[in-house]
Amino acid sequence: MLRVRFAPSPTGFLHIGSARTFIFNWLYARHNQGAMILRIDDTDVDRNSQASLDSIFEGLRWLDLPWDEQYRQSDRVDLHRQMAWRIFEKGLAYRDFTPATTQGGEGTWLFNPGMRELSPEESRRRADAGEPFVLRFRVAHDDPNPVKFHDAVYGEQSKLPADIEDFALLRSNGIPTYHMASCADDIDLRISHIIRGQDHLTNTFKHGLIFEAAGAAPPQFAHLPLLIAPDGSKLSKRKHGPVVSVTTYRDYGFLTQAFINFLCLLGWSPKDDREKMSRQELVDAFSFEGINRSNAVVNFTEQEPFDPKAVWLNAEFIRTLPLAELAGLLSPFVPAKFDKLEQIAPLIQERIKLLSDAATVADFFFLDELPPYDPEELIPQKGDPAMAITALKRALEILATADFNHQALDAGLRAGAQDLKIKPGQMFQPIRVAVCGRKNAPPLFETLEVLGRDVCLKRIAQAIQKL
RNA sequence: GGCGCUAUCGUCUAACGGUUAGGACGGAGCCCUCUCAAGGCUUUAAUACGGGUUCGAUUCCCGUUAGCGCUACCA
C-alpha cells in the first residue's frame with residue numbers, strides 16, 4: 001500500500017511552505033488510495049516547543065485534511081538508536097571523539113582527522129571510559145561509483161561519495177540526528193514515497209546511504225520547489241512577519257479551500273487552464289508530473305500582505321458559498337447575531353475578499369453610532385448643501401410611512417427624486433451617506449431594509465443636523 | 001570555497017523541436033449601473049546572456065551570469 005508522511009519539526013509555527021508539503025502529500029495519498037501519516041520530528045530537544053507543536057496542530061486542523069496515522073519521533077528513539085548501532089556493527093559507522101567546539105570552519109569538510117581509523121579496541125575503550133562521541137557514518141570516499149537516486153520531480157540524481165561528508169547518526173548526548181531518525185522511521189513505518197521540500201534534495205544522498213546500510217530498499221522520492229519571498233530569499237517569520245504562518249490566513253478570513261487551492265498553484269499545475277479547483281478536483285488532478293522544478297514566489301508586499309491571487313481565489317470561493325454558510329463563517333469577525341448576518345450576507349457576499357473585510361465594509365450594520373464622516377460627502381454630484389437637505393428631508397417623509405421592503409423603497413424614493421426634479425443618483429447619495437456613513441456601500445434599498453425604519457430615520461435626521 | 005538544483009510577462013504558470021509564445025492574478029481602458037462591488041469586452045507585459053546541434057529552437061548540449069539549497073552533534 002502506498003504510504004506517505006508529513007514530518008514537521010516543532011521548532012516554529014506552521015509555515016505555509018510546510019503546509020503546501022502537507023497538502024501535496026495528502027493529495028498524493030488520496031489520489032492513490034494510500035495512507036497519510038503525520039510524524040512529529042522532534043529530535044532537536046533544545047529547539048522544540050509546546051507552542052510550536054500547538055501551532056502546527058492548529059494549522060493542520062484548519063486545513064481539514066485528515067491523516068490516517070500519527071507518530072512522534074521522541075517515542076521511537078530506541079528504534080533509531082538500534083538501527084544506528086546496527087550500522088556501526090556492520091563497520092559502516094564509527095565513533096568520533098572530536099569535541100564539538102573544534103569543528104566547523106572554511107572549505108570542504110569530510111571528516112575529523114584521526115577518528116575514522118581508530119581501532120575497534122581503542123574506540124571501545126574510550127567510550128567505556130565515558131568519553132563523549134558522536135556516531136558518524138563512514139562514507140566510502142574512495143568509491144568512484146556515484147551515489148544515485150531517482151527523483152520523481154528532479155529526475156536522475158547522482159553525487160560522488162568523495163563529495164559527501166561523514167555525517168552524524170547519533171549525537172554525543174545519544175539522541176539520534178534528523179538523518180538517522182528520519183530514515184529509521186521511514187523504514188519502520190514502511191513509507192513508500194517521500195514528498196518533501198527541495199532543501200532536502202542533497203540530503204537524500206546521505207539518506208540513500210543509510211537505507212542501504214540498514215539493508216532497506218529506499219522509498220521513492222519527490223522533492224518540491226521551495227516557496228520564497230518576492231526578494232528571492234526564503235520565507236521567514238523574523239524577516240517577513242506573520243504572512244508566512246498558516247494561522248494568519250485563517251485569522252484574516254481566508255477560506256480553507258481557497259488557501260489550499262492557492263498553495264497548490266504554487267509549484268504545481270494541472271496543465272490545463274484551471275485555476276479555481278475544489279478539493280476533489282485537486283485530488284483527481286494531482287500528480288508528480290505537474291510539479292515544477294523552480295522555486296515559486298509568494299507575492300506579498302508591506303501594503304498588500306497577502307498574495308493577490310490568494311485574495312482573488314478567496315473572493316471567488318466566498319461568492320459561491322451558500323448564504324447560511326457564509327453567515328456562519330462571518331460570525332467570528334463581526335458583532336452580530338446569526339439571523340442578522342443571514343440578512344447581511346447577500347449584501348456583502350460579492351463585496352468582500354476576506355471574511356475579515358466584513359468588519360470594515362459593513363460596519364454600519366453593527367454600530368449603534370456611525371463613526372464621524374465628512375458632511376461634504378452628503379452633497380450630491382452637481383448639487384449643493386441645500387439640495388442635500390431637501391433630499392434628506394424628503395427621504396425622512398417617505399421612509400416614515402413606506403413599507404420597508406426594497407421594492408417599495410425603490411419606488412418611493414425614485415418618485416421623491418422626480419418630485420424634487422433631481423436625478424435619482426442625487427437623491428440616493430445623501431441617503432446612502434447618511435445611513436452608511438460612507439459613499440461606497442451595498443445597494444441602497446436592500447441596505448435600508450436590513451437596517452430598519454428606526455435606524456434609518458435616526459441617521460438621516462442626524463445627517464441633516466450636520467449640514 | 002566545494003557539491004547539487006533552477007532560470008518563459010511584475011507574480012503564478014502553459015507550450016515535452018514547428019504556436020501570431022496560451023491562460024490566470026495584478027495594472028490600464030470601455031460597457032453595465034443609485035455608489036461600491038460583481039459581471040462583460042479590450043488592452044498591457046516574457047523565453048537571462050553567449051555559443052553550438054538542427055531545415056527549424058522556449059524546448060536538446062556546452063559555457064557565462066544570477067538565484068536558491070546542502071556543506072552542523074538544525075531539520
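Numbers restart at 1 for each chain; the letters A, B, ... are given by sequence-line order, proteins then strands.
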Does A:Thr43 make a side-chain N or O approach to OP1 or OP2 of B:A75 shorter than 4.0 Å? yes
Please state how far atom OH in A:Tyr94 lies from atom C1' in B:C73, giving the value in whole angstrom units. 13 Å
Which nucleotide, in any strand shown, forms a Watson-Crick or G-U wobble pair with B:G1, with both distances under 3.5 Å? B:U71
For B:A45, give the paired nucleotide (Watson-Crick: N1-N3 plus N6-O4 or O6-N4; G-U: N1-O2 and O6-N3; both under 3.5 Å), or none. none
Quick one: label A:Ala296 by what it contacts on the DNA or RNA (base, sugar-phosphate, nothing), any heavy atom closer than 4.0 Å. sugar-phosphate
Using purine N1 to pyrimidine N3 plus N6-O4 or O6-N4 for Watson-Crick, or N1-O2 and O6-N3 for G-U wobble, both under 3.5 Å, which nucleotide pairs with B:G39? B:C31
Mind checking whether A:His200 and A:His207 have parallel, tilted or perpendicular rings, split at 30° and 60°? tilted
A:Leu226 side chain, from C-beta outward: closest of B:G26, B:C68, B:A15: B:C68
Who pairs with A:Tyr252 by side-chain hydrogen bond (donor to acceptor under 3.5 Å, both in side chains), at least two apart in sequence or on another chain? none
Just call it for A:Asp41: base, sugar-phosphate, or nothing, with non-hydrogen atoms closer than 4.0 Å on any strand. sugar-phosphate
A:Asp46: what forms a side-chain hydrogen bond (donor to acceptor under 3.5 Å, both in side chains) with it, not counting sequence neighbours? none
Once you apply a heavy-atom cut-off of 4.0 Å, does A:Arg274 come out as touching a base, just sugar-phosphate, or nothing? nothing
With a 3.5 Å limit on both atom pairs, tell me what B:A7 is paired to, counting Watson-Crick and G-U wobble, or say none. B:U65
Ignoring backbone atoms, establish whether A:Arg414 has a side-chain N or O less than 4.0 Å from OP1 or OP2 of B:C34. yes
How would you label the contact of A:Glu289 with the nucleic acid (heavy atoms, under 4.0 Å): base, sugar-phosphate, or nothing? nothing
Looking at every strand, decide which applies to A:Glu275 at a 4.0 Å heavy-atom threshold: base, sugar-phosphate, or nothing. base
What residue among A:His141, A:Arg136, A:Lys206 forms side chain to side chain donor-acceptor pair (under 3.5 Å) with A:Glu165? A:Lys206
For A:Phe428 and A:Gly290, find the nucleotide of RNA chain B closest to each by heavy atoms; which residue's nucleotide sits nearer the 5' end? A:Gly290
The answer to which of A:Asp163 and A:Asp166 contacts RNA chain B further toward the 5' end, by nearest nucleotide, is A:Asp163
Across every strand shown, the nucleotide meeting Watson-Crick or G-U wobble geometry with B:C16 (both distances under 3.5 Å) is none
Whether A:Arg136 contacts B:C73 is assessed here as follows: a side-chain N or O lying under 4.0 Å from the phosphate OP1 or OP2. Is that the case? yes
Indicate the ring-plane relationship of A:Phe428 and A:Phe445, choosing parallel, tilted or perpendicular according to the 30° and 60° boundaries. perpendicular
By the 4.0 Å heavy-atom rule, please label A:Phe205 as base, sugar-phosphate, or nothing. nothing
Does A:Pro443 reach a base, just sugar-phosphate, or nothing at all? Heavy atoms under 4.0 Å. base
Applying a 4.0 Å non-hydrogen cut-off, can you work out what A:Gly267 is touching in the nucleic acid: base, sugar-phosphate, or nothing? sugar-phosphate
Report yes if at least one side-chain N or O of A:Asn292 is closer than 4.0 Å to OP1 or OP2 of B:A14; otherwise report no. yes
Between A:Phe88 and A:Trp85, how do the two ring planes meet: parallel, tilted or perpendicular, split at 30° and 60°? perpendicular
What does A:Lys234 touch in the nucleic acid at a heavy-atom separation under 4.0 angstrom: a base, only the sugar-phosphate, or nothing? sugar-phosphate
On the 0 to 90° scale, with breaks at 30° and 60°, tag the A:Phe137-A:Phe167 ring pair as parallel, tilted or perpendicular. parallel
Are OP1 or OP2 of B:A14 and a side-chain N or O of A:Lys271 less than 4.0 angstrom apart? yes
Assess whether side chain to side chain contact (heavy atoms under 4.5 Å, CB included) is satisfied between A:Ile23 and A:Leu282, documenting all intermediate values. CA-CA 10 Å; A:Ile23 292 165; A:Leu282 291 169; over 6 Å; no
Give one of base, sugar-phosphate or nothing for A:His223, where a contact means two heavy atoms less than 4.0 Å apart. nothing
Please determine, for the side chain of A:Arg293, which listed nucleotide (B:U6, B:U11, B:C25) has the closest atom? B:U6
Does A:Lys159 put a side-chain nitrogen or oxygen below 4.0 Å from OP1 or OP2 of B:C5? no
Which part of the nucleic acid, if any, lies within contact of A:Leu201, taking any heavy atom under 4.0 Å across all strands shown: a base, the sugar-phosphate backbone alone, or nothing? sugar-phosphate
Have a look at A:Pro308 and say if it touches a base, only the backbone sugar-phosphate, or nothing, with a 4.0 Å heavy-atom cut-off. sugar-phosphate
Quick one: label A:Ser172 by what it contacts on the DNA or RNA (base, sugar-phosphate, nothing), any heavy atom closer than 4.0 Å. base
For a quick check, with a 4.0 angstrom heavy-atom cut-off, what is the B/S/- contact string for nucleotides 57-67 of chain B, read 5' to 3'? -----------
Across the strands shown, which category fits A:Asp272 at heavy-atom distances under 4.0 angstrom: base, sugar-phosphate, nothing? nothing
Of the listed nucleotides B:A14, B:U11, B:G1, the one nearest the side chain of A:Thr108: B:G1
